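Okay, so here's the structure we're looking at.
Both counts, for ligands and for their atoms, begin at 1 and track the order of listing. Computed over heavy atoms, backbone and side chain alike; hydrogens, waters and symmetry mates excluded. As the structure is a prediction and not an experimental result, all values here were calculated from the model.
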Amino acid sequence: MKAAVVKETLPGERRVALVPEAITKLRPAGIDVLVENGAGDGAWLSDAAYADAGASIVSAAEIYRTADVILTVTRPSPAAVNELRPGQAVIGMLAPLTDPELAATLAARGVTAISLDGLPRTLSRAQPMDALTSQANVAGYKAVLVAAGEFGRFFPLLITAAGTAPPAKVLVLGAGVAGLQAIGTARRLGAVVSGYDVRPASKGEVESLGATFIELTSVESAAGEGGYARELTAEERQAQQDELAGHIARHDVVITTAQVPGRRPPLLVTDDALKAMSAGAVIVDMGASALGGNVTGSRPGETVVTGNGIRIIGADNLPATVPTASSNAYSRNISALLLHMTSDGALAIDTSDEIQAGVVIAHDGTIVHEAVARLLHRGGSEGPAPSDPAAPAETLTKGGVTDVSGTTD
Ligand code: NAD
């Protein structure tokens, strides 16, 4: 089987699907690797390094002509989709619940579409393949560095001949994978850190990292299915925003990571909360999206400065800004999945397997993933409602955001 790594084409995308180290591990399974010229450049991985590891360095045209499986980080561009042949497979983070039309186009072309963001994450044997987790880890780490870079003071307590600098007070809202990594990173930089989440289970995790857990009196547990949070009701949301505002005002740096599967990110930092913050405070909104994020007024890829001197940084593809670490991790994830799906040197599609049932979206000209098929049937790019009993707990959710609620925060 020929597996090929293409150069990513999205603006600012510096990751690459496989690193050279992976190639030696794939060969014993009968997988030969083709690498597009310059595919690893953004992560400082040279063509020579891939060739030394045993890959063939080829043009994009040769990949589309000869490869059996094409490995990507994000979705292939429309131009690349046009090059794909029936019987070829694409494996990447294809975000089929955000962009079911891509899945439909791939199915119509007879291309097998396999998306890592559909992995059943709580299955222990799937953990080496969990790209959502590996990339969220990188993002949580980088969010803190971005905040520290913008902040006008030190993160640690510093006692010098020129005086004593107090430590920064950092608040992390949402303590999932990215949030916990952000808490750990801010702690390692010496900040005084607090964390908050609607899932009570996160309290112990936050505290184990040396941070203080903030408990709100107005909001009860919002633990949902599969370890994720459920969406709050309008009343709960209002109460949460009001109570959080007081905590937010007491912090110098706020990092928000809150997400709810299949829903737009919850608004946690309102206009009133922003007004109560002190000039010089910095917020990094990891939920920033075109549909709104965790912070009023945040815009992905932009820094917005409020009238009272608060900088709101809308995070935009943070993993791509730490390209070698994120590519190393992603490469292990996608290699593990590829090896899992390979039998006798060929891709063996078997959706009776729990892992494959989550990741295989299209095969043999058909959309085989139920949640994506339902979406296409309904004719919209909606995520399944968390309360939908037919929605798998490991729903494909994280490639983007969809507003299915019709509500405004
Ligand atoms: P996520 O990206 O969906 O959400 C990030 C965090 O935001 C979550 O912790 C969520 O509870 C929180 N959140 C949602 N709405 C909120 C609100 N209104 N206010 C405050 N916080 C809110 O989550 P994730 O990082 O993908 O992880 C979700 C869970 O899955 C975690 O418990 C994580 O440990 C677990 N997980 C388990 C595995 C595994 O078992 N291998 C792998 C990955 C994640």
Side-chain angles (χ1 to χ4, degrees), residues 97 116-141 143 171-184 194-206 208-209 213-216 218-245 247-248 254-270 273 285-287 289 292-295 315 318-319 329 333 336 355 358 383 386 393-402 405 407 409:
L97 288 188
L116 277 104
D117 34 14
L119 199 78
R121 298 173 78 196
T122 48
L123 204 63
S124 58
R125 65 193 170 93
Q127 281 174 19
M129 310 166 198
D130 189 348
L132 288 179
T133 290
S134 74
Q135 303 305 294
N137 254 317
V138 178
Y141 161 82
L171 173 62
V172 177
L173 299 176
V177 178
L180 291 173
Q181 183 57 252
I183 289 171
S194 302
Y196 165 71
D197 200 289
V198 276
R199 290 179 300 106
S202 62
K203 180 180 191 309
E205 293 164 339
V206 167
S208 73
L209 292 168
F213 188 74
I214 289 180
E215 276 172 88
L216 300 190
S218 61
V219 187
E220 306 228 319
S221 160
E225 285 175 33
Y228 291 106
R230 65 166 171 83
E231 191 180 35
L232 300 183
T233 64
E235 295 74 38
E236 286 175 320
R237 198 158 51 222
Q238 182 71 54
Q240 183 189 53
Q241 290 165 353
D242 291 348
E243 197 176 349
L244 271 181
H247 293 283
I248 291 165
V254 178
I255 294 170
T256 67
T257 77
Q259 298 280 356
V260 175
R263 303 281 172 177
R264 56 179 291 183
L267 182 71
L268 303 180
V269 184
T270 59
D285 182 359
M286 292 183 62
S289 78
N294 295 146
V295 183
L318 288 175
N333 300 143
I355 291 175
E394 68 282 7
T395 43
L396 289 147
T397 52
K398 305 293 282 305
V401 199
T402 32
S405 60
T407 56
D409 290 294

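Relative to atom 13 (N) of ligand 1, the option among Ala175, Gly140, Ala222, Ala258 with the closest non-hydrogen atom is Ala258. Residue Asp197 holds the heavy atom nearest to atom 12 (C) of ligand 1 of all those in Thr257, Asp197, Leu119.
By the 3.5 Å distance cut-off applied to N or O atoms, Leu232 is not counted among the residues near ligand 1. Distances between N or O atoms of Thr133 and those of ligand 1 include no value under 3.5 Å. Below 3.5 Å of separation, one finds no N or O of Leu268 facing any N or O of ligand 1. Where the criterion is an N or O separation shorter than 3.5 Å, residue side chain and backbone included, Thr122 fails it with respect to ligand 1.
In this structure, Gln241 contributes its side chain and Leu267 its backbone to a donor-acceptor pair below 3.5 Å. No donor-acceptor distance shorter than 3.5 angstrom exists from the side chain of Asn137 to the backbone of Ala178, with no hydrogens or angles considered. Put simply, the side chain of Thr270 gets close to the backbone of Ala273: a donor and an acceptor are under 3.5 Å apart.
With ligand atoms numbered from 1 in the order given, ligand 1 contributes 14 (C), 15 (N) to contacts under 4.0 Å with heavy atoms of Val260. Residue contact check: Gln240 has heavy atoms under 4.0 Å from atoms 17 (C), 18 (N), 19 (N), 20 (C) of ligand 1. Those atoms of ligand 1 that come under 4.0 Å of a heavy atom in Tyr228, given as number and element, are 3 (O), 26 (O), 28 (C). Contact atoms of ligand 1 toward Gly227: 28 (C), 29 (C), 30 (O), 31 (C), 32 (O) (distance under 4.0 Å to a heavy atom of the residue). Those atoms of ligand 1 that come under 4.0 Å of a heavy atom in Asp130, given as number and element, are 42 (C), 43 (C).
Across all their heavy atoms, Phe213 and Tyr196 have their closest contact at CE1-CA, 4.0 Å.
For Gln259, heavy-atom contacts with ligand 1 shorter than 4.0 Å involve the backbone as well as the side chain.
Of the N and O atoms on the side chains of Glu243 and Ser218, at least one donor lies less than 3.5 Å from an acceptor on the other residue. For the residue pair Ser289 / Arg264, no side-chain donor-acceptor distance below 3.5 Å is found, with atom types taken as modelled.
The salt bridge (charged side-chain N to carboxylate O under 4.0 Å, His left out) check on Glu235 picks up nothing, with sequence neighbours excluded.
From Thr257, atom OG1 reaches atom CD of Gln181 across 11.5 Å, with rounding to the nearest 0.5 Å.
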